[in-house]
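Whatever order the structure lists ligands and atoms in, that order sets their numbers, starting from 1. Position 1 is the first residue of the sequence, and the numbers go up from there. Just so it is clear, the structure is predicted and the values come from calculations on it, not from any experiment.
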Amino acid sequence: MIGWTKGFTAEEGRVNKMGLEGERQLEQYLIEQFEWFHRYPELSYEEVETTAKIRELLTEAGIEILPYPLATGLVAVVRGTGKAPDGSRKTLALRCDIDALPIVEEAEIPYVSESRGKMHACGHDLHITAGIGAALLLKERSEELCGTIKFIFQPGEEDARGAMKILETDVMDDVERIWGFHADPTNEVGVIGIREGYVTAAVDRFGIRVKGIGCHGAHPDDGIDPIPVAAAIIQGLHTIVGRNVNAFHPALLSVTKVQAGTTWNVIPGEAELEGTVRTMDREDRVLYERRVRETVEGIAAAYGAEAEITWIDSAPATYNDGKMAQLCGKVAQSQGMRTVPEEMSLGGDDFSYYMEEETMGRQIPGCYLKVGTGVGHPIHHPAFCVQKRVILPAAELLAKVLEEDLKQ
Ligand code: NI
C-alpha cells in the first residue's frame with residue numbers, strides 16, 4: 001500500500017501545496033479531517049458546513065472546484081497533463097456521497113457526533129475523506145496523470161435521489177466511466193469487495209389505499225370491511241416473488257406499514273399499506289409493478305372494495321462493468337490488499353443514476369466497490385464505527401484505480 005505516492009514521500013524531499021511531507025503526515029491530516037466530518041454530520045440536502053469544509057480543504061490544496069450552482073455538494077477536478085499509451089485523454093469521475101443519518105450516535109469514540117440525533121452511520125465521512133485524499137494524491141501526480149478526474153461530492157444519497165441534483169448540471173457530459181465505493185463493516189481493513197454485474201438493487205416504493213365502507217363492528221354486512229381486503233392483498237403480494245419471478249433472479253417485496261381503524265367496535269372505511277420492491281433485473285422491475293397493480297386491483301374488486309396504488313421508483317440497480325471490476329481487483333492486489341467477492345445487496349444506492357441510460361441518455365460504465373472498514377456493527381447502526389487506519393489505504397487505492405483506468 002505504501003510507496004507509489006511519491007509526492008508524499010519525505011525521502012524525496014517533495015512537499016505538496018498543503019505542506020504535507022510523506023505518507024504519515026498525509027494520513028494524520030486525513031484522520032483529522034475525518035474526525036471533523038464525523039463530529040459535525042449533516043442530513044440530506046443540509047450539507048452546508050460539510051460542503052464548505054470540503055471546498056476549503058480542496059482549495060487549500062490548489063484543486064479546482066467547478067462553478068456549479070449546487071445548494072450542497074460540489075464537483076472538483078484534477079487535470080492531468082500526461083497522455084495514455086494510445087494517446088487518448090479521457091475524463092473519469094469518482095462519486096463520494098456526503099450526507100449523514102437521523103440517528104442518535106452510540107459509538108464510544110472521542111470524536112462522537114456533536115449534533116445530537118445526527119450521525120455518520122453509513123460511513124459517508126470516510127467517503128468524503130478518502131475522496132479528498134485521492135484528489136490530493138492525484139493532484140501531486142498530475143504530470144503523469146493521463147486525463148481528467150472529476151470528484152463528485154454528492155448530497156442526499158440517503159434520500160436515494162441526491163444524484164439527480166448533480167445530474168442537473170452538465171458534469172457527466174464528458175465522463176466516460178464512473179467509480180463509486182462504500183464503507184463495508186463486514187470486512188477487515190485491507191479487504192476489498194468487488195464483483196462484476198449487479199451489486200445493488202433497484203428500489204421501488206408503493207402505497208396502497210383500500211377503500212371500503214365503514215360500519216358498526218357488529219354489522220359488517222352493512223359495509224365493506226377493508227381489513228380482510230388488506231390482509232388478502234398482503235398474502236397475494238407475497239406470492240409474486242415465488243410464482244412470477246424467475247427463481248434464479250434476486251428480488252423481494254416487503255409490506256412495511258399497515259394502518260387501519262381507530263377503535264374496537266368500529267369497522268373503518270379505509271386501510272393503508274406501504275412497502276418496497278427490490279429487483280436486480282430490469283424486466284423483473286417492470287413485471288413487479290404490473291403484478292402488484294393486478295394483484296391489488298383484482299383482490300379489492302373480488303371483495304367489492306376499491307384500491308388506489310401509488311408507485312414511486314427510486315434508484316435503478318447498480319451494474320458493475322466487468323473490465324472495471326477486474327482492473328480494480330488487480331490494483332487492489334498490487335496495493336497489498338485482499339479482494340473478496342462483493343456481497344450482492346437488495347439495498348440500493350443512487351450511484352446507479354450516473355450510469356443509467358434513462359437518466360443519462362447513454363449508458364455510462366461504472367463500478368462500485370466495497371472497502372472493508374473493520375468488522376463491527378452494520379451500517380445505519382447507532383454504534384457503527386469506521387476504523388481510521390482504513391482512510392489512507394482507501395485514498396491510495398482510489399487514486400491508483402483512477403490513474404490506471406485513465407490508461408485503459
Ligand atoms: Ni451509504
Protein N/O/S atoms closer than 2.8 Å to the Ni ion (ligand 1)
C122 SG, H124 NE2, H182 NE2

Do other residues, nucleotides or ligands put more than 12 heavy atoms under 6.0 Å from the CD atom of E32?
yes

Can you give the donor-acceptor pairs under 3.5 Å from side chains of residues 185-192 to other protein atoms, not counting sequence neighbours?
residue : atom : partner : partner atom : Å
T186    : OG1  : D184    : OD1          : 2.6
T186    : OG1  : D184    : OD2          : 3.4
N187    : ND2  : D184    : OD2          : 3.1

So, E47 side chain and G156 main chain: donor-acceptor pair closer than 3.5 Å or not?
yes

Look at atom CD of E294 and say whether more than 12 heavy atoms of other residues, nucleotides or ligands are closer to it than 6.0 Å.
yes

Can you confirm whether E168 is buried at CD, in the sense that more than 12 heavy atoms of other residues, nucleotides or ligands lie under 6.0 Å from that atom?
yes

Ring geometry between H377 and H381 (parallel below 30°, tilted from 30 to 60°, perpendicular above 60°)
parallel

